[in-house]
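Right, one structure below, let's go through it.
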Amino acid sequence: MLLLNTASIEVEDFAAKVPPEYAILSHRWDEKEVTFGDMKPGGMRDPQGMIKIHYSCVVAARHGFKYIWIDTCCIDKTSSAELSEAINSMFRYYKEATLCYAYLSDVSSSTIEAALDPETSEFEQSAWFTRGWTLQELIAPKELRFYNKNWTYLGSKDRLKHAIRSITKIPVSILLGGDIDVEPGGKLPFQRTSRTAFSEFLMSTSHCCMERVASRHF
């Protein structure tokens with residue numbers, strides 16, 4: 001497992017040892033993201049792409065974390081074996097993280113009350129909720145905190161559970177770690193109403209929901 005040091009902003013490899021406590025980022029990819037290759041010595045770190053990485057590290061360090069996992073720069077995508085392992089381990093990465101930060105780059109409201117205002121519905125309309133991978137990044141982490149585009153804290157998953165339930169149709173019990181019951185035909189209770197892209201949803205489902213239901217249904 002590769003982790004980003006929040007002080008040095010350098011990637012460190014923990015493949016041969018137990019990884020330390022870490023935070024993790026959930027976000028939408030932008031046009032200019034910094035990759036694992038960019039983070040190597042001599043790599044081209046795009047200044048715009050580094051802004052998100054910089055603030056992720058700042059927030060994580062403020063909460064006492066020496067390391068954070070960010071998918072854009074903590075996966076060597078040039079290695080098919082490592083990429084495959086990372087995809088298959090994604091649910092576990094989020095589940096084992098002490099804290100997950102959900103960065104909503106399209107939400108400008110500085111308070112959750114403003115973001116939930118029916119006139120703007122910024123929180124509800126955030127494209128973050130349309131990502132297939134959002135499913136596992138909502139249900140896997142023990143603690144999830146939402147931040148706006150300026151890295152202002154909006155609220156926790158626990159505090160916003162009913163708003164998230166309204167947006168995603170995922171039952172509150174599942175959002176907070178409860179069991180997932182598979183409906184007849186193998187459907188999940190929120191599959192028909194989720195806003196996520198269906199193809200991404202299925203990919204996400206195969207790596208997270210099945211892990212949650214395995215102990216009860218297989």
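Along the sequence shown, residues carry numbers from 1.
Linking ILVMFWY side-chain heavy atoms closer than 4.5 Å, directly or via other members, places Ile53 and Trp29 in two distinct hydrophobic clusters. Hydrophobic clustering (ILVMFWY, side-chain heavy atoms < 4.5 Å, transitive): Ile87 and Ile70 are in distinct clusters. Under a hydrophobic clustering in which Ile, Leu, Val, Met, Phe, Trp and Tyr are joined whenever their side-chain heavy atoms come within less than 4.5 Å, directly or via other members, Ile75 and Phe14 fall into the same cluster. Note: the hydrophobic cluster containing Ile174 also contains Phe129 (ILVMFWY, side chain heavy atoms under 4.5 Å, direct or indirect links). Taken together through direct or relayed side-chain contacts under 4.5 Å among Ile, Leu, Val, Met, Phe, Trp and Tyr, Trp69 and Ile9 form parts of separate hydrophobic clusters.
Ile68 CD1 to Ile24 CD1: the interatomic distance, rounded to the nearest 0.5 Å, is 8.5 Å. Once rounded to the nearest 0.5 Å, the distance linking CG of Leu160 with CD1 of Ile167 reads 8.5 Å. To the nearest 0.5 Å, the span separating OG on Ser89 from CE on Met1 amounts to 8.5 Å. If you take CG on Asp46 and CD on Glu33, they are separated by 9.5 Å, rounding to the nearest 0.5 Å. Summarising the geometry, atom CZ belonging to Arg165 is positioned 9.0 Å from atom OG belonging to Ser173; distances are rounded to the nearest 0.5 Å.
Looking at Asp76 and Thr78, their side chains do bring a donor and an acceptor atom within 3.5 Å of each other. Residues Glu12 and Tyr67 bring a donor and an acceptor atom of their side chains to less than 3.5 Å of each other. No hydrogens or angles considered: nothing links the side chains of Trp128 and Asp106 as a donor-acceptor pair under 3.5 Å.
Not a single donor-acceptor pair under 3.5 Å links the side chain of Asp38 to the backbone N or O of Val34. Distance alone, capped at 3.5 Å, is enough to place a donor-acceptor pair between the Lys157 side chain and the Leu138 backbone. Proximity of a side-chain donor or acceptor of Asn5 to a complementary backbone N or O of Ala7 within less than 3.5 Å is detected. The closest donor-acceptor contact from the side chain of Ser166 to the backbone of His162 lies at 3.5 Å or more, if one exists at all.
Closest non-hydrogen pair, Ala114 versus Thr120, comes out as O-OG1, 3.5 Å.
Here the side chains of Pro19 and Leu3 are in contact, with some heavy-atom distance below 4.5 Å. Residues Ser156 and Leu144 are not in side-chain contact: their nearest non-hydrogen atoms beyond the backbone lie 4.5 Å or more apart. For the pair Leu135/Ile170, a side-chain contact is recorded, criterion being any heavy-atom separation below 4.5 Å from C-beta on. Annotation: side chain of Leu104 is not in contact with side chain of Asn148 (no heavy-atom distance under 4.5 Å). Annotation: side chain of Pro141 is not in contact with side chain of Leu99 (no heavy-atom distance under 4.5 Å). Contact of the Thr35 side chain with the Met39 side chain is not registered, since no non-hydrogen atoms from C-beta on lie closer than 4.5 Å. Leu2 is listed as a side-chain neighbour of Phe36, based on a closest heavy-atom distance under 4.5 Å. Taking the side chain as every heavy atom from C-beta outward, Tyr55 and Tyr103 never approach each other to under 4.5 Å.
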Evaluate the criterion side chain to side chain contact (heavy atoms under 4.5 Å, CB included) for residue pair Ser26 and Arg131; output intermediate values, then yes/no. CA-CA 10 Å; Ser26 173; Arg131 303 162 57 250; 3.8 Å; yes

Lys161 and Asp158: CA distance, side-chain angles, deciding distance, side chain to side chain contact (heavy atoms under 4.5 Å, CB included) verdict: CA-CA 5 Å; Lys161 56 184 179 289; Asp158 183 66; 3.9 Å; yes

Criterion side chain to side chain donor-acceptor pair (under 3.5 Å) on Trp133 and Asp71, from CA distance to verdict: CA-CA 11 Å; Trp133 293 107; Asp71 57 355; over 6 Å; no

Side chain to side chain donor-acceptor pair (under 3.5 Å) between His27 and Tyr147, intermediate numbers included: CA-CA 10 Å; His27 66 117; Tyr147 288 79; over 6 Å; no

Going through the distances and angles, do Lys66 and Glu21 end up as a salt bridge (charged side-chain N to carboxylate O under 4.0 Å, His left out)? CA-CA 8 Å; Lys66 187 176 179 181; Glu21 184 180 45; over 6 Å; no

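For Glu96 and Lys142, the salt-bridge test fails: no basic side-chain N is under 4.0 Å from an acidic carboxylate O. Contact check on Glu10 versus Arg45 returns a salt bridge, with a Lys/Arg side-chain nitrogen under 4.0 Å from an Asp/Glu carboxylate oxygen. Residues Lys77 and Glu82 are not paired through a salt bridge, judged by the lack of any N-O separation under 4.0 Å between the basic side chain and the carboxylate.
Each side-chain hydrogen bond (donor to acceptor under 3.5 Å, both in side chains) pair with one or both residues in residues 107-119, not counting sequence neighbours, appears once here: Ser108-Glu122, Ser109-Glu122, Glu113-Arg159.
Within 6.0 Å of the CD atom in Glu143, the count of heavy atoms belonging to other residues, nucleotides or ligands exceeds 12.
Aromatic ring centroids of Trp151 and Tyr101 lie 6.0 Å or more apart. Under the 6.0 Å cut-off for aromatic ring centres, Phe146 and Phe123 qualify, their centroids lying closer than that. Tyr93 has its ring centre no less than 6.0 Å from the ring centre of Tyr22.
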